[in-house]
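Predicted model only: the values in this text are computed from it and were never measured. Proteins get letters first, then strands, A, B, ... in listed order; numbering begins at 1 in each.
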Number of protein chains: 4
Amino acid sequence: MKEEQPRRRPGRPKRSETMQPNLLILRTAAMLFMEHGFEKVSLEGVAKACRITKASVYYYFDNKAKLFTECLLFVLKIAYDQTALIMRGPGMLKERLLIVAERHMNNAHVEFETMMREAAPGLSEEQIKQIRDGEAQLHILLSEIFAQAMEEGVITKSDPLLLSHTFTAMMTVRNHKQLLNDQKSVKQASAEIVQLLWNGLQPRS
Amino acid sequence: MKEEQPRRRPGRPKRSETMQPNLLILRTAAMLFMEHGFEKVSLEGVAKACRITKASVYYYFDNKAKLFTECLLFVLKIAYDQTALIMRGPGMLKERLLIVAERHMNNAHVEFETMMREAAPGLSEEQIKQIRDGEAQLHILLSEIFAQAMEEGVITKSDPLLLSHTFTAMMTVRNHKQLLNDQKSVKQASAEIVQLLWNGLQPRS
Amino acid sequence: MKEEQPRRRPGRPKRSETMQPNLLILRTAAMLFMEHGFEKVSLEGVAKACRITKASVYYYFDNKAKLFTECLLFVLKIAYDQTALIMRGPGMLKERLLIVAERHMNNAHVEFETMMREAAPGLSEEQIKQIRDGEAQLHILLSEIFAQAMEEGVITKSDPLLLSHTFTAMMTVRNHKQLLNDQKSVKQASAEIVQLLWNGLQPRS
Amino acid sequence: MKEEQPRRRPGRPKRSETMQPNLLILRTAAMLFMEHGFEKVSLEGVAKACRITKASVYYYFDNKAKLFTECLLFVLKIAYDQTALIMRGPGMLKERLLIVAERHMNNAHVEFETMMREAAPGLSEEQIKQIRDGEAQLHILLSEIFAQAMEEGVITKSDPLLLSHTFTAMMTVRNHKQLLNDQKSVKQASAEIVQLLWNGLQPRS
DNA sequence: AATGAATGAGTGTTCATTCAT
DNA sequence: AATGAATGAACACTCATTCAT
């Protein structure tokens, strides 16, 4: 993001014409990157999806790596905010987890680490660090929630950071075409997955 | 990487070296595909890694899609065999799961579904089906084991297929660079993950 | 051809040179295609002949098939216009035929149908149809002229379309290196050929 | 042709198994070259059509240029013999021309000069000369027949060599897909073409 | 006599990037 | 602010050719 745009009211903007090209590109590219990964998204493709020219994309973003980085930071920010809002909100932990899971699983996208691995050779150290930091914050957020719940005896004690990663990893089931789409709704799947994590495999006496 | 090896002249080699180039290519390419995904692996790259020329790769495999397909089937076969051996072997279910998890997590690679999504546009319907079938068999194997365990009361009842997918998904934690490599050994992580799945979050009274 | 011209750096040229690259490429490629046929002309070759790069050719034309199609339509259009101008102009039919023959034979090129046969596998149905249509119009033009002449008793009655094709075919003599270039001028050859067609072999009493 | 094969009885051999690979390759390649031209025929393709390997083709023929040359000489020889047989045979000149025309037009193939132009850059001077000579003999044969007919007053006097080339050129109508195949049988077309050449366009009083 | 295995050079095509306007 | 026009590097793939067996 090059500079500070005049602040816009929250909520999705109505139509592209009204949006600053800045943001339009960012949103569009973010969507494409999340859906197809780094390599498969060409700047030509981004430009076309925005109804502008490739050179215009370069006007706003130095290069592909930069655009990618900003896109991911943008997405991570949103994910962070949404997750924070839900997880810090009211309700039982299990219920809040379910909401997060459902949200997350609803838009199938390339697994984060895979995307990073794909993109990494094209990114600078600094850029990688930035993205890693953004991601880390999300895990820290979750692990703090988990840690607190452990303190309070709401859930069994374990490594909260690992729990956060595991929880996130479980949601990649959204990508498993053969399970979803064919057999289960996302809503049902996410419910069952959270249930699984909650109860564990070991039968309760 | 500019070491100038005097490239072999064309013609049949003097029959000496170790592995059939057939297999050498398959193994090498499989490794590369699993590590970097479909797009990032160039046949030039595969060739170089095998110390042969691109044209030679084409001598053995019709095209990239074919090579990719055979690589995945190769990998899936191995994974299936290993998993079958372990899961049908002796020991408590939890212990067997742990072994599988450890094995699986030890070689970090691109998440399967992400790779498929990336490669799919380049593959034929038939090839996609073949790979999907190979993958499905692994899940069927696991879900049969799980179903039986449920029958026997070893684990709580739930959808065994979903459980299989979830279990697999959990192991993508291997890719989370920031968790592993930095903080935890794979051995420890897999143990904790299986523990998590086994006990669940809800505290036992 | 190893003269090292310092290749222009990328970016927009300083707006000076003569022809639109658009047309330059079309003309150059048309010439090459007509002279060497579809396969033998590489886009690299076209680019070099235009003193630009291959990628620049792609900037103006989607792919080889498209460029080829546009070239042929371009050439057919010119041929049509020239032929129409002459054949619908004043003068005796025989004289007009002579002029057309001379024009046509003056630029030796690959026989049309042979070129189409060569190129066809690479073209889309639509593209083939377009070219065929362009070609057909030329034959329709000629056959209408012939039909009218037959009506008026200027020439003997026969199938006018076949006559058009035959007339066109006769002009492929231009390609017969051993006859022309060595022994006869094109001017003389075309005159004799038209004479031949006009009088026929059978002696007049 | 590398050496003198034990002489075979005339007529087409029953099946490939009985044929010397020598000849099998020659015939097959000749057919392919005549049908598709020089560039489009790959030695791999020739080999496959012969049910042997590419290396075997190389065993019998030094390289593509050599094979091509021998194929054309082979075809020209046959054409010469057939033409000689017919043209020196009994019957009115016009009737004999018709038979030759029909034969020639029946197997549509790449126009000779076009093929030569395509292949020439790959051939040695010597090879080009050989083929040109073979072709020239055919034209000499025809022009001698024509010259004699002119002497005898059977046809009008003109340049007999040019007549030969023109006659040959007229038969390239066989390639005009839009005329033949759609509207006329080859038999009919050849008859009309010979008629055209015979009578000429100018009405007889 | 016949071939399996290898190569180098070339082709069509895509794409990130640059630069004058 | 925005873009049209250009490039170089890479990639998938093909093919004529070579050589040890």
Euclidean distance, atom [atom1] of residue [X] to atom [atom2] of [N] [Å, nearest integer]:
| X | N | atom1 | atom2 | answer |
| --- | --- | --- | --- | --- |
| D/Ile25 | E/dT3 | CD1 | C1' | 13 Å |
| A/Arg51 | F/dT3 | CZ | P | 13 Å |
| D/Leu43 | F/dT17 | CG | C1' | 9 Å |
| D/Leu123 | F/dA16 | CG | P | 14 Å |
| D/Phe68 | F/dA16 | CZ | P | 13 Å |
| C/Asn22 | F/dG4 | CG | C1' | 12 Å |
| C/Leu67 | E/dT13 | CG | P | 10 Å |
| C/Lys48 | E/dT11 | NZ | P | 9 Å |

Are any of the side-chain heavy atoms of [X] and [Y] separated by less than 4.5 Å?
| X | Y | result |
| --- | --- | --- |
| A/Met116 | A/Arg132 | yes |
| C/Phe68 | C/Val41 | no |
| D/Thr114 | D/Arg117 | no |

Among [options], which nucleotide has an atom closest to any side-chain atom of [X]?
| X | options | answer |
| --- | --- | --- |
| B/Ser56 | F/dT17, E/dA6, E/dG12 | E/dA6 |
| C/Ala55 | E/dG12, E/dT14, E/dT3 | E/dT14 |
| C/Glu44 | F/dT17, E/dA16, E/dT11 | E/dT11 |
| D/Lys54 | E/dT11, E/dT7, F/dA16 | F/dA16 |

Worksheet item: DNA chain F: B/Asn63 or C/Val57, which has the more 5' nearest nucleotide?
Response: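 Closest to the 5' end, via its nearest nucleotide, is C/Val57.
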Discussion item. Judged by each residue's nearest nucleotide on DNA chain F, which is more toward the 5′ side, A/Pro21 or D/Ala65?
Written reply: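 So the residue in question is A/Pro21.
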Item to complete: Quick one: look up who E/dA20 pairs with, Watson-Crick or G-U, both distances under 3.5 Å, and put none if it's unpaired.
Response: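 Per the H-bond distance test, F/dT3.
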Worksheet item: Hey, which of these two, A/Lys40 or C/Ser42, hits DNA chain E nearer its 5' end, going by closest nucleotide?
Response: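 Its nucleotide being nearer the 5' end, the pick is C/Ser42.
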Worksheet entry | 5' precedence on DNA chain E between A/Lys64 and D/Ile52 (nearest-nucleotide basis) |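 Upstream on the strand: D/Ile52.
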Practice prompt. Would you mind classifying the nucleic acid contact of B/Val46 as base, sugar-phosphate or nothing, using non-hydrogen atoms under 4.0 angstrom?
Written response: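 Since no nucleic acid heavy atom lies under 4.0 Å of B/Val46, the category is nothing.
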Worksheet item: Taking only N and O in the side chain of D/Tyr58, is any of them less than 4.0 Å away from OP1 or OP2 of F/dT17?
Response: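 For F/dT17, OP1 or OP2 has a side-chain N or O of D/Tyr58 closer than 4.0 Å.
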Worksheet item: Between F/dA6 and C/Tyr60, is there an OP1 or OP2 to side-chain N/O distance shorter than 4.0 Å?
Response: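 Result: yes.
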Item to complete: Begin with the C-alpha distance, continue with both residues' side-chain angles, and end with the deciding distance and a verdict on salt bridge (charged side-chain N to carboxylate O under 4.0 Å, His left out) for D/Lys129 and D/Glu125.
Response: CA-CA 6 Å; D/Lys129 191 181 164 311; D/Glu125 288 299 322; over 6 Å; no
Worksheet item: Centre of C/Phe33's six-membered ring, under 6.0 Å away, within 45 degrees of the axis: is that where NZ or CZ of C/Lys40 sits?
Response: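 So C/Lys40 doesn't make the cation-pi contact.
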